[in-house]
Amino acid sequence: MPRKCPQGGRQATLDAVLAGEVQAVIKLDVEGYETEVLGGAERTLSAPGLLAVVMDLNGSGARYGFDDAALHRRMLEVGFTACGYEPFARRLAPLAEGPKGTGNTLYVRDLEALRERVRTARRFRLGTGVAL
């Protein structure tokens with residue numbers, strides 16, 4: 001059940017919003033509230049069909065008392081691996097040292113399955129003419 005926010009809006013957990021609907025990839029960019037979102041995403045994170053989660057880990061949660069290192073550990077605990085992706089080469093690989101603390105971090109549940117999905121995905125051209 002959504003509840004009122006101090007700013008006048010409404011909030012609900014990710015599990016409640018998705019109501020059992022499984023997403024292949026989730027992108028979280030909630031300006032430092034990633035810890036809170038993941039706190040309400042137990043079912044979502046445990047769904048086998050969820051292949052990846054992309055999060056912007058840049059330290060913005062510190063102002064609310066949240067820690068990116070704790071978020072990273074949480075993702076590892078639920079079976080994800082921090083990875084880098086090179087779109088032009090279509091290369092997906094684990095990050096040797098974990099997230100850098102700037103920009104998006106890609107967390108992958110099943111690296112081989114996602115590599116195969118990337119390998120077999122249809123190629124396309126950007127508006128600039130660059131092929132991916």
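Residue numbers run from 1 in the order of the sequence given.
Residue V17 comes nearest to A12 through the heavy atom pair CG2-CB, 4.0 Å, listed as atom of the first residue, atom of the second, then distance. Nearest heavy atom pair, residue E31 against residue S60, reads C-OG, 3.6 Å. Annotation for A24 and R117: closest pair CB-NH1, 4.2 Å, computed over non-hydrogen atoms. C83 and L92 get closest at one heavy-atom pair: CB-CD1, 4.1 Å. Smallest separation of non-hydrogen atoms from T81 and P94: CG2-CB, 4.1 Å.
The hydrophobic cluster containing L106 does not contain L57, counting ILVMFWY residues as joined when their side-chain heavy atoms lie under 4.5 angstrom apart, directly or transitively. Note: the hydrophobic cluster containing V54 does not contain L71 (ILVMFWY, side chain heavy atoms under 4.5 Å, direct or indirect links). Both M75 and Y33 are assigned to one and the same hydrophobic cluster, defined by single-linkage of ILVMFWY side chains at heavy-atom distances under 4.5 Å. Put simply, Y85 and L114 are part of the same group of oily side chains (I, L, V, M, F, W, Y) that touch within less than 4.5 Å, one to the next. With hydrophobic clusters built from ILVMFWY side chains whose heavy atoms lie under 4.5 angstrom apart, L51 does not share a cluster with V37.
Going from atom CD of Q11 over to atom CD of E36 covers 8.0 Å, rounded to the nearest 0.5 Å. The CZ atom of F80 lies 12.5 Å from the CG atom of L111; values are rounded to the nearest 0.5 Å. Here the CZ atom belonging to F88 is positioned 6.5 Å from the CG atom belonging to L126, to the nearest 0.5 angstrom. Residue E34 holds its CD atom at 6.5 Å from CG of D29, rounded to the nearest 0.5 Å.
With sequence neighbours excluded, the residues satisfying side chain to side chain contact (heavy atoms under 4.5 Å, CB included) with A93 are R115.
Residues V78 and L38 are not in side-chain contact: their nearest non-hydrogen atoms beyond the backbone lie 4.5 Å or more apart. With a 4.5 Å cut-off on side-chain heavy atoms, R43 and L14 do not count as touching.
For the pair D68 (side chain) and N58 (backbone), a donor-acceptor distance under 3.5 Å is present. Using a distance-only test at 3.5 Å, with no hydrogens or angles considered, no donor-acceptor pair links the side chain of R91 to the main chain of E86. The main-chain N or O of G32 is never found under 3.5 Å from a side-chain atom of R63 such that the two would form a donor-acceptor pair.
Using bins of under 30°, 30° to 60° and over 60° for the plane-to-plane angle, the ring pair H72/Y107 lands in the tilted bin.
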(request) Check the pair I26 / L45 against side-chain contact (heavy atoms from CB on, under 4.5 Å), numbers first and verdict last. (result) CA-CA 10 Å; I26 294 174; L45 290 176; over 6 Å; no
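Using a cut-off of 4.0 Å between Lys/Arg side-chain N and Asp/Glu carboxylate O, E42 and R74 are scored as salt-bridged.
Applying the side chain to side chain donor-acceptor pair (under 3.5 Å) definition to pairs two or more places apart or across chains, none involves residues 120-132.
Between D15 and T13, the side chains place no donor N or O within less than 3.5 Å of an acceptor N or O (distance only, hydrogens not considered).
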